[in-house]
**Student:** 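Questions regarding the structure given below will be posed in turn.
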Number of protein chains: 2
Amino acid sequence: MRPAAEQAAQSLREEILSGAIASGTRLGEAELAGRLSVSRTPIREALSRLAAEGLVELQPNRGARVATWSTEQLREIFELRLRLEPYAVRQAVPHLSEEQLAELDRLAAEMMRAGKPGRAQDLTKIVELNRRFHGLFIDAAGSPPLAGALRGVTHAAVVHQNFHDYTPDALRRSLHHHVEMVAAARAGDGDWAEAIMRAHLHNARATMIGGRS
Amino acid sequence: MRPAAEQAAQSLREEILSGAIASGTRLGEAELAGRLSVSRTPIREALSRLAAEGLVELQPNRGARVATWSTEQLREIFELRLRLEPYAVRQAVPHLSEEQLAELDRLAAEMMRAGKPGRAQDLTKIVELNRRFHGLFIDAAGSPPLAGALRGVTHAAVVHQNFHDYTPDALRRSLHHHVEMVAAARAGDGDWAEAIMRAHLHNARATMIGGRS
DNA sequence: CTTGCGCCGATTGCATGCAATCTGTTTCTG
DNA sequence: CAGAAACAGATTGCATGCAATCGGCGCAAG
């Protein structure tokens, strides 16, 4: 049997990232222990790890809540991502294996399908696919310190289920960015991929916090 | 009485950052519990937090060790710092209060004294002063996400007691950088301060991992 | 002499119970 | 009636005890 703490952390992580638990929700230790059928000890351990990842906020003697971000913090987060993530993509491009490129293709294509306007549109699914898309690039950059610095910062958009707030135009742009980024990666053109990632983030920022504030 | 876990974390943090516990040292829970006169539970909590800060590495079922960094990781760390810390300084400059400027003055001056060649030279003291110097700029930038991203990454140089490996020339340059950075900050010139920080980091990188690898 | 297997001490992971702290409500006082 | 103190329920923080896992040593087989 796998360690209980890690399993609890994984469960919570998925529930938070999938939006099943909303931002700001209080996380009582006893409640979680009952729901996941483990003692409070591994729950505390799990919450501690999630706090390290920036997914939950831990206040002394006052328990844990799913992390929240002010618009000011979102602004700062995008400033950070704009400095790090395009660089990560550039570093990743020469390291990408054929399997990873295929996976990126698959993710980008599936996002296009899930995003097509109409009855079958599934924005929640896009959030998850998008998370894996960005995560794959970050991991492929092959720099643990870089991945660590980006870890806490990429979650904000996911938890806020950002795609739900996109305008149709912004959504279409975003999905096409993914496809173009894979094309750039396949061409081995780091400059190109970096530029698209930069545009991709600007597009996201504009819809999440508005321009010209 | 203050929470035991935080107190244990603080103690360990200081011991690690001061170099009292060397990089790579094994940290047994029972040993620490005895030495700090608390149970193993808060020790585990403390180790968990320090792992989140990147000061210790936590391997499942195999305990904790003080973090170590390969030269490759040091290279990646400096790449990150070069992207974030000059930006942090630039953001900090307009926010600095008179008290903070005075504190920076004091730190820079004291480092100059402690670094003066001769019998009274105290490189270990410089490491600690330097840590506070950089930390003050990072905090003054007023961006929790930025501070979080830099937190884990600035510790590597401190734990390795980097100043002990500096050549006399590199040390002199480094100390003068501090003074000049405060001058730039006092002049309210973000560009200037940013440029000096960039040079400061390049100087550090050159002595820690060598140029032209 | 080297290599693989199995046992034993040591260490980490987890559950449980109790003490300390916080929150919301009530009650007392000015 | 307003505000502060005090009580009660609930929740977090910590200590202790036990089960699971790991690392090292010895022993036997090749």
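Heavy-atom basis, side chains included; hydrogens, waters and symmetry copies ignored. The sequence lines fix the lettering, A, B, ..., with proteins before strands; numbering per chain opens at 1.
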**Student:** Whether B:Arg62 contacts D:dG23 is assessed here as follows: a side-chain N or O lying under 4.0 Å from the phosphate OP1 or OP2. Is that the case?
**Tutor:**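 For D:dG23, OP1/OP2 do have a side-chain N/O of B:Arg62 under 4.0 Å.
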
**Student:** Roughly how many Å is it from CD in A:Gln7 to P in C:dG13, rounded to a whole number?
**Tutor:**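 So the two atoms are 15 Å apart, to the nearest Å.
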
**Student:** So, do A:Arg81 and A:Arg205 sit near enough that their side-chain heavy atoms are less than 4.5 Å apart?
**Tutor:**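 Not in contact.
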
**Student:** Rounded to the nearest angstrom, tell me the gap between atom CD in B:Glu45 and atom C1' in C:dG13.
**Tutor:**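 Going from CD in B:Glu45 over to C1' in C:dG13 covers 15 Å.
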
**Student:** Strictly by modelled atom types, are A:His160 and A:Asp165 linked by a side-chain donor-acceptor pair under 3.5 Å?
**Tutor:**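 Absent: no donor and acceptor within the cut-off.
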
**Student:** Select one nucleotide: of D:dC14, C:dC14, D:dT12, the one nearest the side-chain heavy atoms of A:Glu29.
**Tutor:**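 Side chain of A:Glu29 sits closest to D:dT12.
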
**Student:** If we ignore hydrogens and angles and just use 3.5 Å, is the side chain of B:Ser23 paired with the main-chain N or O of B:Ala67 as donor and acceptor?
**Tutor:**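 Flag set: sc B:Ser23 to bb B:Ala67 pair under 3.5 Å.
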
**Student:** Rounding to a whole Å, what distance do you find between B:Leu27:CG and C:dT12:P?
**Tutor:**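 About 10 Å, once rounded to whole Å.
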
**Student:** 5'-most contact on DNA chain C: A:Pro60 or B:Asn61, nearest heavy atom basis?
**Tutor:**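 Nearest-nucleotide comparison on DNA chain C picks B:Asn61.
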
**Student:** Does B:Arg40 make a side-chain N or O approach to OP1 or OP2 of C:dT12 shorter than 4.0 Å?
**Tutor:**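 Answer no for this pair, as no side-chain N or O of B:Arg40 is under 4.0 Å from OP1 or OP2.
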
**Student:** Take atom CZ of B:Arg44 and atom P of C:dT12, then tell me their distance rounded to the nearest Å.
**Tutor:**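 Rounding to the nearest Å, CZ of B:Arg44 and P of C:dT12 are 8 Å apart.
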
**Student:** How long is the line joining CD of B:Gln59 and P of C:dG13, in whole Å?
**Tutor:**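 After rounding, the gap between these two atoms is 11 Å.
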
**Student:** Please state whether the phosphate of D:dG23, meaning OP1 or OP2, lies under 4.0 angstrom from any side-chain nitrogen or oxygen of B:Arg26.
**Tutor:**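 Indeed not, no polar side-chain atom of B:Arg26 lies that close.
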
**Student:** Using only side-chain N and O atoms of B:Thr41, determine if any of them is under 4.0 Å from OP1 or OP2 of D:dC14.
**Tutor:**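 It does not, given that no N or O in the side chain of B:Thr41 lies less than 4.0 Å from OP1 or OP2 of D:dC14.
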
**Student:** What nucleotide among C:dA15, C:dC14, D:dC14 has an atom nearest to a side-chain atom of A:Pro3?
**Tutor:**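 Per side-chain heavy atoms of A:Pro3, the pick is C:dC14.
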
**Student:** Can the ring centroids of B:His200 and B:His134 be said to lie less than 6.0 angstrom from one another?
**Tutor:**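 Yes, the ring of B:His200 comes within the 6.0 Å limit of the ring of B:His134, centre to centre.
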
